[in-house]
Amino acid sequence: MATDATTTEFQNPTDFRPDFHSEKISSATSYDGLHFWQYMISGSIAGLVEHMAMFPVDTVKTHMQAIGSCPIKSVSVTHVLNSLLKSGGPSSLYRGIAAMALGAGPAHAVHFSVYEVCKKHLSRDNSNSSIAHAVSGVCATVASDAVFTPMDMVKQRLQLGSDSVYKGVWDCVKRVVREEGFGAFYASYRTTVLMNAPFTAVYFATYEAAKKGLMEISPESANDEKWVLHATAGAAAGALAAAVTTPLDVVKTQLQCQGVCGCDRFKSGSIGDVIKTIVKKDGYRGLIRGWIPRMLFHAPAAAISWSTYEASKSFFQELNDNSNSDNVT
């Protein structure tokens with residue numbers, strides 16, 4: 001009976017087309033109704049805006065974590081900031097920003113698009129599944145870190161060194177290839193993934209949970225204050241994830257900056273060896289160097305990133321809706 005009814009309903013092709021189009025739009029909008037390339041562009045814009053806005057804080061964090069880096073040896077945020085401004089002026093806070101721009105755009109494009117695709121498939125039956133969000137975040141970071149790690153290494157070396165050490169991005173790349181080999185660009189990749197996997201698991205699970213909680217608290221204003229909602233949830237997620245993963249971030253900085261401005265060189269990329277060196281030189285407090293600027297970076301950075309990302313998505317959604325309306329007409 002059900003089959004006959006379906007057949008009768010769609011006997012006329014003109015009756016079929018509106019229903020099919022409606023079903024397609026409904027299915028798409030449950031996952032924001034965007035194409036893969038639109039996720040990539042939205043993510044790229046979000047990444048660039050986030051890192052450009054917060055780059056000076058990242059520079060301070062890098063100097064604090066690079067034990068032995070010249071001329072700064074104090075772990076005080078204000079001391080590091082004053083030393084940088086005294087030695088190189090405000091421009092010293094932006095050394096390496098070109099390398100960041102080259103890496104952050106493509107990496108965030110990969111990150112957000114992979115996250116959205118994984119979330120769509122893993123949370124098919126439960127759109128609020130924290131496990132699905134966490135696993136999607138891990139998949140996204142493994143993919144994006146493969147893109148970002150080489151430029152992140154170049155960025156951190158430029159942040160530490162003055163103009164006499166490296167003349168720029170291309171000079172740094174050429175010297176690293178010549179003196180250390182191509183593998184040096186990925187010396188910290190394993191550590192970066194081990195750091196960012198729990199970081200993004202905590203980050204995305206917290207973000208989705210905070211967003212859901214905020215919407216339940218004030219559902220009537222969820223649409224009117226959507227950007228504020230995303231920014232608040234993102235800030236909470238970024239701060240928590242940053243605090244949890246600071247020790248591995250210190251290890252990553254040590255691996256990426258080895259040999260620059262007095263930083264130690266390591267015979268292997270073993271996380272254990274790096275941790276032993278840090279503890280021997282600076283005690284266990286060395287493993288939490290830079291936790292304050294790291295949290296100061298990731299809380300607003302996450303807020304900026306998510307609000308920019310959602311704003312870009314909204315732009316594409318409106319574009320797609322207008323296009324669909326024109327097609328129906």
(Q) Hydrophobic clustering (ILVMFWY, side-chain heavy atoms < 4.5 Å, transitive) - are Phe297 and Val80 grouped together? (A) yes
Q | Nearest non-hydrogen partners of Ala53 and Pro56, listed with the distance | A | O-CD, 4.1 Å
Q) Should Met195 and Val135 be counted in the same cluster of Ile, Leu, Val, Met, Phe, Trp and Tyr side chains packed under 4.5 Å apart? A) no
Q. Parallel, tilted or perpendicular: which describes the rings of Tyr115 and His133, with under 30° parallel and over 60° perpendicular?
A. tilted
Q: Quick one: sort the His51 and Phe148 rings into parallel, tilted or perpendicular, breaks at 30° and 60°.
A: tilted
Q. If you round to the nearest 0.5 Å, how far is CG of Asn320 from NE2 of His35?
A. 5.0 Å
**Q.** Closest contact, heavy atoms only, Leu287 versus Val250
**A.** O-CG2, 3.5 Å
Q: Please name all residues satisfying side chain to side chain contact (heavy atoms under 4.5 Å, CB included) with His111, sequence neighbours left out, ordered by chain then number.
A: Ala140, Thr141, Ser144, Thr200, Phe204
Q) Between Lys252 and Asp249, is there a side-chain N and carboxylate O pair less than 4.0 Å apart? A) yes
Q) Do any pairs count as a salt bridge (charged side-chain N to carboxylate O under 4.0 Å, His left out) and have a residue in residues 199-209, sequence neighbours left out, and if so which ones? A) Lys119-Glu208, Glu208-Lys211
Q.
Looking at every non-hydrogen atom in both residues, tell me the closest pair between Val154 and Phe185 and how far apart they are.
A. CG2-CE2, 3.8 Å
Q.
Is there a continuous path of hydrophobic side-chain contacts, each under 4.5 Å between heavy atoms, that joins Leu240 to Ile304?
A. no
**Q.** Identified side-chain hydrogen bond (donor to acceptor under 3.5 Å, both in side chains) partner of Asp58 from the options Lys155, His63, Arg294
**A.** Lys155
Q.
Which residues pass the ring pair (Phe, Tyr, Trp, His ring centres under 6.0 Å) test with Tyr186, not counting sequence neighbours?
A. Tyr189
**Q.** Where Leu194 and Leu248 come nearest, the two heavy atoms and their spacing
**A.** O-CD1, 3.5 Å
Q) Given side chains that start at C-beta, do those of Thr59 and Arg95 come closer than 4.5 Å, heavy atoms only? A) no
Q: Give the minimum heavy-atom separation between Gly238 and His298, together with the two atoms involved.
A: O-CB, 3.5 Å
Q) In the hydrophobic clustering (ILVMFWY, side-chain contacts below 4.5 Å, transitive), which residues join Leu48, or is it alone? A) none
Q: Return the orientation label for the Phe112 and Tyr309 ring planes: parallel under 30°, perpendicular over 60°, tilted otherwise.
A: parallel
Q) Who are the side chain to side chain contact (heavy atoms under 4.5 Å, CB included) partners of Lys276, not counting sequence neighbours? A) none
(Q) Do Ile288 and Met64 sit in one hydrophobic cluster, given that two such residues count as connected whenever their side-chain heavy atoms are within less than 4.5 Å of each other, even indirectly? (A) yes
Q. Taking a hydrophobic cluster as the set of Ile, Leu, Val, Met, Phe, Trp and Tyr residues connected by side-chain heavy atoms closer than 4.5 Å, whether directly or through intermediates, do Leu122 and Val117 fall within one such cluster?
A. no
Q) Less than 4.0 Å between a side-chain N and a carboxylate O, is that true for Glu179 and Arg157? A) no
Q. Can Lys212 and Glu216 be said to form a salt bridge (charged side-chain N to carboxylate O under 4.0 Å, His left out), step by step?
A. CA-CA 6 Å; Lys212 181 174 179 254; Glu216 289 176 352; 3.4 Å; yes
Q) Should side-chain heavy atoms under 4.5 Å link Ile, Leu, Val, Met, Phe, Trp and Tyr, which residues sit in the same cluster as Val147? A) Val110, Val114
Q. Where do Ser305 and Ala46 come nearest, in terms of heavy atoms and distance?
A. O-CB, 3.3 Å
Q) How many angstroms lie between atom CE of Met153 and atom CG of Leu158, to the nearest 0.5 angstrom? A) 10.0 Å
Q: Measure the CD-CZ distance between Gln38 and Phe315 for me, rounded to the nearest 0.5 Å.
A: 9.0 Å
Q. Yes or no on salt bridge (charged side-chain N to carboxylate O under 4.0 Å, His left out) for Lys174 and Asp171, after CA distance, side-chain angles and deciding distance?
A. CA-CA 5 Å; Lys174 287 191 296 184; Asp171 179 57; 5.3 Å; no
